[in-house]
Amino acid sequence: MAADNDETCELLIEYFTPRLREYIAVERVLDHIHFIEAEQKEQIAQKLRAEGNNLAADLLISAVIKKPHTPGWFRAFVDALRHSGCEYAADYIQVKLPEPEVEAENDYCVRLVEILSPSLVDINTNDVCLLCFSEGLLTQNDSEIITAETNNRGNMNGARELLKRIVRGRPGWFSQFVEILRKTEHQFLYQLTGGRKNISWSCRCPVVSQRQNECPWNVLYVEHFFVQPELLFCIIDGANPEAASGGPEKADISLRDYQVDVAKPALEGENIIICLPTGSGKTRVAVYITKKHLDGRRAEGQSGKVVVLVNKVPLVEQHYSTEFLPFLKHAYKVERVSGDCQLKISFTEIVKHNDVIICTAQILENFLERACSGEDEGVKLSDLTLIIIDECHHTQKEGVYNHIMMRYLKQKHKNKRLKKEQKEPVPLPQILGLTASPGVGGATKTEKAVDHILQICANLDASNIMTRRLREHKKEPRKTTVTVEDRKMKIMNAIHNHAQLIPTSDLGSQNYEQWVVQTERKAAKEEDQKVRVCAEHLRQYNEGLNLSNTIRMCDAFNFLNKFYMEELKKKTTTDQEQIIKITESERFLFNLFKDNKQELQKLTENPAYENDSLSKLRTKILQEFSTRTEARGIVFIKTRRSAIALSQWVQENTKFADIGVKASHVIGGGDQSVVKPMTSAEQKDVLTKFHNGDINLLIATTVAEEGLDIPACNFVIRYGVATNEIAMIQAEGRGRAEDSSYTVVEVKNSGVAEKEFVNEYRKDMMYKAIDKIRTLKQEDYDKKITEFQYQAIMEEKVRNKKKKQEVIKNESPSKVKFRCRGCATHVCTGDDIQIIEDMHRVNVTAQFSKRFIRRENTSRKEQLLDYEVNGFIACKDCGQKWGSIMSYRGVECPCLDVKNFVVTVSDKTISKFTKWSELPVKFPAFDYAEHARQMVESSDDDETE
């Protein structure tokens, strides 16, 4: 039967080869097809480069139908076509054929674009490409290639690339393309392509009448194969006839009883919070509510507009591809926009032309502000009919969720006044909040926990909080806590004695870290370089101590060794012309490490010095993988550096390999840490492998606790990390499988065991508080919510007033002075600093250029829009890093990082600035033209001399 299926599929592909040649984009398909050998792929790629897409498509098709076939080859080919954006080609080989009239009309449109291409290449390619991408006529890959072609070879070449790709779309692309020409103000081309009101393309195709007498494919197919077209899929992959014809749409979402219960108030139009543990299907409930909301409005003859807000970029793609798009695409337009997506600049248009938009909250807030300030059209709350807020426990304080909801609450209370004045109120969207745990906000009593949760309910204008406890529908994971013995590191005491410092807490603890930071800041402010540099080195030793308590001694040693290598580099220059001063304390610290280096290195090779925590962790992982048929788990760890090192430790340990442990790490994407962040694509790749089973042990920082779609695990280990009850509940929820376990392994100075005990207490307090809220009479609940809302609005007014006063109090740049944090040398004043693109503070004065040395940045070269960063600057006296060299539109500008300086504002010395926004000074914009003029004149003078 399989051989018969293969023969059927081969004949099908051969018959449609002329069509496939037109609609297959070979380069993209090759990236998604995996059953063709690498050598054959390379031959096809060479054919593409040498002879073009059509001939390469012929070679690709020959390779696809070549025998012998691997199991599932036809399905894989269809998937490759779909994933590469060649859906129309996939439709043909699945016999999802257009009507003859539609096919002929599409051919006519393709031919028309070919004829008009000499005129169409004059389009503004970037504008048209952006809208084509947002309308789904181009894939992201298409958009990137067209943009690159435009940037590298000019607008016309980019336009040719766009036209070549757009004609491969499904029928209907032409009318969308013509409309895009109108929107981008290509009026002549719009009319040239037939853009008129009230004219249907179906009556303008002269080819249709000729084709109507031809024998359509479905008749040919029946005569040749003696089966009905709709049954072809049954033959190909064993599906039933219902599936072959599209089957029941995935829009028929089935919910469990508890999910239906928590959704009921939202289906009746109420604002609610749904509080369900991680892994209990909150997002699926949200999709169900979204569909019912849109269906209901459509039935009433009204349009619906749903925005799904998330607080992390990876969640945008996750919610879009795994939840909202699969269930809603058959009936509604679904789009996603995030901060690293080009679509964000056309967010207003995206909202207009789609029914469901999944985006990061900051994008919506930005466009709400635009509409409010009148900067441009922006987006208004009244444009939306439902807002879904994921991880809604963040709707508090100064978070972006709360900024959005504050706009909502203000308008809600304005509407009350409008109604009293018998005026039309401004329509507001329904609100749906989703969370695994609202937490207790640090409360120690149930009454305070109730207030905390009520405040979140008030911020979201929720009429109720709907929940089911984890234990009501899911078995709690087995929970254990593993404690360890104490370990100490004595090398730091010599530094304490040298600087005459007396620590106020245990080495390696978080309190010690805070003490060191405060000591360094105080010393920098007082220009005590001895204490300052010792405190900086103590901070590094403390990090090394934490690493030795968490992972291997060799990892801690490598970290310290690298730090001292970098510090020594600061004291040397490549040309040796500049002599950089080494103070007595710096020499002491260098020698201290040098004298102890050999001994530390020996300790790394001594098994007796392996920390007890790591030994306990090894035992626990081995136990989980030895006692389970198919183990899959997550180890949560505190820092990025520890996650990477722990992953390497597992990969290098043969005992783990022997029992089938396949580990990898996933860390955050923010750039606050000195450790290189993970991109969204890298995170997605690791999580996909974990989902597929290519990885079965995930070493993760807290990025994996909240939101990210991680498959069911049967064990979760928190290794030396404990935050609050919200994080604990989220981490527990990762253990979704039956008979799952949850283990806490204590690390020296982490206080994990105590924190976990407190978190358990707070979790129970939270559930008691929610139960207490749910027993309130509705009138009492509403009264409390109203009080909290008025309080929030008043607090917002006070904050805004305070901000305005702070703006008024902005200091003059002339009153600001900068000193080197390393040696206290005067560097410059605020008058010397200018700002580029409201972001980069630069000093381009001739005086400043004499005070620093330039170093190459070997770790990273970053190229951005109009500038690139390819080196950094350091104090010529002490080697302290000051910032980077920035090439801006051909001009090199030294760019300063405020954290590397001690700042004096109006004779008040401040040493704790970590970012420029904390400094109450407004610097003037960089005058590029004036600076460039001075440079040109200077170069002319040099040539004259």
Side-chain angles (χ1 to χ4, degrees), residues 1-37 39-48 50-100 102-104 106-107 110-111 167-171 207 211 214-239 244-245:
M1 184 63 186
D4 292 339
N5 290 348
D6 286 346
E7 185 177 356
T8 301
C9 297
E10 290 167 15
L11 288 168
L12 190 59
I13 293 171
E14 286 176 352
Y15 185 88
F16 283 119
T17 292
R19 287 289 175 189
L20 297 179
R21 188 188 294 120
E22 294 175 32
Y23 298 123
I24 285 178
V26 173
E27 186 178 16
R28 296 205 306 266
V29 174
L30 283 177
D31 291 335
H32 294 277
I33 200 163
H34 305 298
F35 58 86
I36 296 178
E37 294 178 358
E39 185 177 349
Q40 181 75 56
K41 278 189 178 183
E42 183 55 34
Q43 291 175 3
I44 297 168
Q46 289 177 0
K47 191 82 168 177
L48 176 66
E51 301 180 50
N53 190 85
N54 284 2
L55 293 176
D58 288 338
L59 189 58
L60 172 65
I61 291 166
S62 299
V64 168
I65 61 177
K66 181 182 177 183
K67 296 179 180 179
H69 295 299
T70 57
W73 66 276
F74 182 79
R75 185 76 256 168
F77 183 44
V78 171
D79 289 344
L81 293 175
R82 290 198 176 285
H83 293 152
S84 57
C86 302
E87 290 94 347
Y88 198 26
D91 287 350
Y92 268 93
I93 63 172
Q94 292 176 101
V95 203
K96 295 180 180 178
L97 304 176
E99 292 296 324
V102 175
E103 186 182 64
N106 190 69
D107 292 341
V110 172
R111 180 61 179 149
V167 297
R168 293 178 182 144
R170 283 174 169 148
V207 190
R211 288 287 301 271
E214 293 179 10
C215 184
W217 159 251
N218 59 345
V219 175
L220 290 174
Y221 176 77
V222 173
E223 289 177 353
H224 188 79
F225 294 106
F226 305 103
V227 293
Q228 297 173 4
E230 60 267 26
L231 295 180
L232 177 63
F233 246 0
C234 311
I235 297 172
I236 293 171
D237 59 10
S245 60

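These numbers come from a predicted model, not from an experiment.
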Colleague: Would you say the side-chain atoms of K41 pair up with the backbone N or O of I33, donor to acceptor, closer than 3.5 Å?
Modeller: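 Yes, K41 side chain to I33 backbone: donor-acceptor pair under 3.5 Å.
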Colleague: Do D91 and Y23 have side chains that get closer than 4.5 Å, going by heavy atoms?
Modeller: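 No, every pair of side-chain atoms sits at 4.5 Å or beyond.
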Colleague: Is it the case that more than 12 heavy atoms not belonging to Q43 sit under 6.0 Å from its CD atom?
Modeller: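 Buried by this count: over 12 neighbours within 6.0 Å.
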Colleague: Classify the angle between the aromatic ring planes of H83 and H32 as parallel (below 30°), tilted (30 to 60°) or perpendicular (above 60°).
Modeller: tilted
Colleague: Testing the basics here: between N106 and P171, what is the closest heavy-atom pair and its distance to 0.1 Å?
Modeller: OD1-CA, 3.6 Å
Colleague: Using a 4.5 Å cut-off on heavy atoms from C-beta on, say whether the side chain of N53 contacts that of E27.
Modeller: no
Colleague: Kindly compute the distance separating CD1 (I93) from CG (L81), expressed to the nearest 0.5 Å.
Modeller: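 Separation between the atoms: 5.0 Å.
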Colleague: Looking at CZ of R21 and CZ of R19, how far apart are the two atoms once the value is rounded to the nearest 0.5 Å?
Modeller: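 Here the rounded value is 11.5 Å.
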Colleague: Would you say L60 and L20 make side-chain contact, with heavy atoms under 4.5 Å?
Modeller: no
Colleague: So, taking the atom named CD in Q40 and the one named CZ in F35, what distance separates them when rounded to the nearest 0.5 Å?
Modeller: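 One gets 11.0 Å once the value is rounded to the nearest 0.5 Å.
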Colleague: What's the spacing between Y92 OH and E22 CD if we round to 0.5 Å?
Modeller: 8.0 Å
Colleague: In the structure I gave you, are the side-chain heavy atoms of K66 and W73 within less than 4.5 Å of one another anywhere?
Modeller: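 Not touching, per the 4.5 Å side-chain cut-off.
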Colleague: At their closest point, which heavy atom of A25 faces which heavy atom of C86, and how far apart are they?
Modeller: N-SG, 3.4 Å
Colleague: Measuring from F74:CZ to Q94:CD, what's the distance to the nearest 0.5 Å?
Modeller: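 F74 atom CZ to Q94 atom CD measures 6.5 Å (nearest 0.5 Å).
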Colleague: Measure the spacing between NE2 of H34 and OG1 of T70 and express it to the nearest 0.5 Å.
Modeller: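 Here the interatomic distance stands at 11.5 Å.
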Colleague: Show the nearest heavy-atom pair for residues A89 and I24, with the distance to one decimal.
Modeller: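 That closest heavy-atom pairing would be CB-CG1, 4.1 Å.
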